[in-house]
2 protein chains.
Amino acid sequence: MPTQTFFNLSEEKRERLIAGAMKEFSAKPLNEASISNIVKNSEISRGSFYQYFEDKKDLYFFLIGKFRCNYHNLMLKSFQEKKGDFYEGFKLFSEKYVMYIMESKKFGFFENMYLHMNYQINREVRVDFKGKQTRPTKDERLIDVINRDNLKIDSENELLDILKYFLSMLNDTIMEGFWKELSVKETQNLFIKRLEWITYGIAIPEKKEGNV
Amino acid sequence: MPTQTFFNLSEEKRERLIAGAMKEFSAKPLNEASISNIVKNSEISRGSFYQYFEDKKDLYFFLIGKFRCNYHNLMLKSFQEKKGDFYEGFKLFSEKYVMYIMESKKFGFFENMYLHMNYQINREVRVDFKGKQTRPTKDERLIDVINRDNLKIDSENELLDILKYFLSMLNDTIMEGFWKELSVKETQNLFIKRLEWITYGIAIPEKKEGNV
DNA sequence: TTTTAAAATGACAACTTGTCATATTATGTT
DNA sequence: AACATAATATGACAAGTTGTCATTTTAAAA
């Protein structure tokens, strides 16, 4: 986390540093980016940098937090629009989300982020459902907006687990999209195919005794 | 890929280098590991290193290829043992595979690999089904050993896509296991839960008209 | 024995990073 | 205004990194 000193900075200087960092992180992934370049880009002395951030990662995760799509609301709206239907809601959400990432002005930054995403980065990208859930807000809770009637889900926790898993799958799919240089549309379709697999299963359901 | 010079080396020297590299990569992830340490560990001159490998990554990917579980046969045997049943076969395979990774002598190496796995590393870990498939061997083909009768799968390609997806999901789960410091058993169960989701779906199947 | 090819070596330039004593600029306080 | 004090800025620096390359050593061939 950046120090208080960083937030005390004049907006001009703070933005200058952020822009200089984004330039570097858009050109190179975390492990290749250098602080030397960032301070050169933003015309800030090396010593100052270390007064604001602990190290390169500290700055990087701050930027991820700043520019990532906070998809909680995006999900909420998508599920509401599709009247709580799991498959349709998630499909709509994923389409919007993929577009946000892949058509963003910050394309280079996100591209490097996804291509070098590991578990630590993955965690930073994800939003904490649990946190949002316990802290009462005026907004509706995500899990209340999803219709569970036609899902094989017993507890709220299981639904949360599934949501978390779907999100990490979505991120994996975007990673694959960047790697294979897929278009937005192709990436969306790749995800939708997987969404279908998981939602409806790949096994043909056995005919229930009672129905025969 | 290592140069020919590397393979011309005496076995003693080659093993010395591999051991020195494994020591470093077991202690530190790829981006923190240093060539300086590796050449120190293996008592090889810096110049020689660059005669064998292009850079650190070149060596790293060679080691992954050397020590990764070539799971093609493991899958084949698992599916054969379970008479081609998708769910049971994959379950058995995943249990063996997780155990191989997490109880290996190379634990530190694998741990760092999984915790810092990105798409590039992920690709190196995966076996190329397509390659194995076209090259005719005396072994049975994996896709022939899986019973497709009770799967919603039309083409061989779709089955391959699903297999690839399940494998990357398995690797993700192992990554999560390392991150959360889960036991072998817990990691296996986490995967099995997801395997169940995807195989049978999370949606309750609608009753077919014909059956009512 | 001489020639030629292959492999080994460590000094080196050009880069990193994080630290720290010092200089500069604000913000109070008599 | 003059002083004290806290906050911020600075760049030189040690200690590390990487990849190269002219040179030496070793092996193979003529």
Side-chain angles (χ1 to χ4, degrees), chain A residues 1-64 109 112 116 118 120-121, chain B residues 1-64 109 112 116 118 120-121:
Chain A
M1 231 180 48
T3 61
Q4 189 54 46
T5 312
F6 174 71
F7 294 109
N8 293 343
L9 248 41
S10 74
E11 186 158 340
E12 189 276 322
K13 193 167 185 179
R14 201 162 358 107
E15 288 302 321
R16 192 147 43 88
L17 180 44
I18 289 173
M22 285 304 283
K23 189 181 168 189
E24 178 72 355
F25 287 127
S26 296
K28 293 172 193 162
L30 177 58
N31 43 305
E32 284 173 31
S34 89
I35 295 175
S36 297
N37 276 336
I38 292 171
V39 299
K40 236 180 280 170
N41 285 346
S42 18
E43 297 180 273
I44 276 168
S45 77
R46 184 168 192 79
S48 285
F49 179 91
Y50 284 97
Q51 207 131 23
Y52 310 145
F53 301 99
E54 211 172 299
D55 53 18
K56 205 169 49 171
K57 274 190 187 174
D58 194 20
L59 165 58
Y60 191 68
F61 288 132
F62 167 71
L63 291 174
I64 287 183
F109 178 77
N112 278 318
H116 294 80
N118 53 35
Q120 194 181 3
I121 296 179
Chain B
M1 233 180 49
T3 61
Q4 189 52 49
T5 311
F6 175 70
F7 295 109
N8 293 342
L9 248 43
S10 73
E11 186 157 342
E12 189 276 320
K13 194 168 184 179
R14 200 160 2 105
E15 289 302 322
R16 191 148 42 88
L17 181 44
I18 290 173
M22 286 303 284
K23 188 181 171 191
E24 178 71 357
F25 287 127
S26 296
K28 292 172 194 163
L30 177 57
N31 44 304
E32 283 172 33
S34 90
I35 295 174
S36 296
N37 275 336
I38 293 171
V39 298
K40 236 179 280 169
N41 285 347
S42 19
E43 296 181 274
I44 275 168
S45 78
R46 183 168 193 79
S48 285
F49 179 91
Y50 284 97
Q51 208 132 21
Y52 311 144
F53 302 99
E54 211 172 299
D55 53 17
K56 204 170 46 172
K57 275 189 187 175
D58 194 20
L59 165 58
Y60 191 67
F61 288 132
F62 166 72
L63 291 174
I64 288 184
F109 179 76
N112 278 318
H116 295 79
N118 53 36
Q120 195 182 1
I121 296 178

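Order of the sequence lines fixes the chain letters, A, B, ..., with proteins taken first and strands second; residue numbering starts at 1 for each chain.
- With contacts defined as side-chain heavy-atom distances shorter than 4.5 Å, the pair B/Leu30/B/Asn112 does not qualify.
- The distance from atom NZ of A/Lys40 to atom P of C/dT17 is 10 Å, rounded to the nearest whole Å.
- Distance, B/Asn37 CG to D/dT17 P: 6 Å, rounded to whole Å.
- Counting any heavy atom pair closer than 4.0 Å across all strands shown, A/Tyr52 reaches sugar-phosphate atoms only and no base atom.
- At the phosphate of C/dA8, neither OP1 nor OP2 sits under 4.0 Å from any side-chain N or O atom of B/Tyr50.
- With rounding to whole Å, A/Leu9 atom CG is found 12 Å from C/dA26 atom P.
- Between B/Lys28 atom NZ and D/dG16 atom C1' there is a gap of 11 Å when expressed in whole angstrom units.
- At least one side-chain heavy atom of A/Ile38 sits under 4.5 Å from a side-chain heavy atom of A/Leu17.
- Checked against D/dG19, D/dA9, C/dT17, the side chain of B/Arg46 finds its nearest nucleotide in D/dG19.
- Residue contacts for A/Ser34: at a heavy-atom cut-off of 4.0 Å it reaches the sugar-phosphate backbone alone, with no base atom in range.
- A/Ile44 has its CD1 atom 14 Å from the P atom of D/dT8, to the nearest Å.
- Rounded to an integer number of Å, the gap from CZ of B/Phe53 to P of C/dA7 is 14 Å.
- The side chain of B/Ser45 approaches C/dG10 more closely than any other nucleotide in the set C/dG10, D/dA9, D/dG19.
- Comparing atom distances between the A/Thr5 side chain and each of C/dT19, D/dT8, C/dA8 picks out D/dT8 as nearest.
- Distance B/Lys57 NZ to D/dT18 P: 14 Å, rounded to the nearest Å.
- Ring to ring, A/Phe62 and A/Tyr52 are not that close: their centroids are 6.0 angstrom or more apart.
- Distances from the side chain of A/Ile35 to the nucleotides D/dT8, C/dG18, C/dT9 place C/dG18 closest.
- Listed nucleotides: D/dT10, D/dT18, C/dA7. Nearest to the side chain of B/Gln51: C/dA7.
- Counting heavy atoms from C-beta on, the side chains of A/Asn37 and A/Lys28 come closer than 4.5 Å.
- A close approach under 4.0 Å does occur between a side-chain nitrogen or oxygen of B/Lys13 and OP1 or OP2 of C/dA8.
- In this entry the distance linking CD of B/Glu54 with C1' of D/dT18 reads 14 Å, nearest Å.
- Between A/Asn8 and D/dT8 there is a side-chain N or O to OP1 or OP2 distance below 4.0 Å.
- Here the side chains of B/Gln120 and B/Phe61 are in contact, with some heavy-atom distance below 4.5 Å.
- In this structure, of C/dA8, C/dT17, D/dA9, it is C/dT17 that holds the atom nearest to the side chain of A/Ser36.
- Here A/Phe6 lies out of heavy-atom contact (under 4.0 Å) with every strand.
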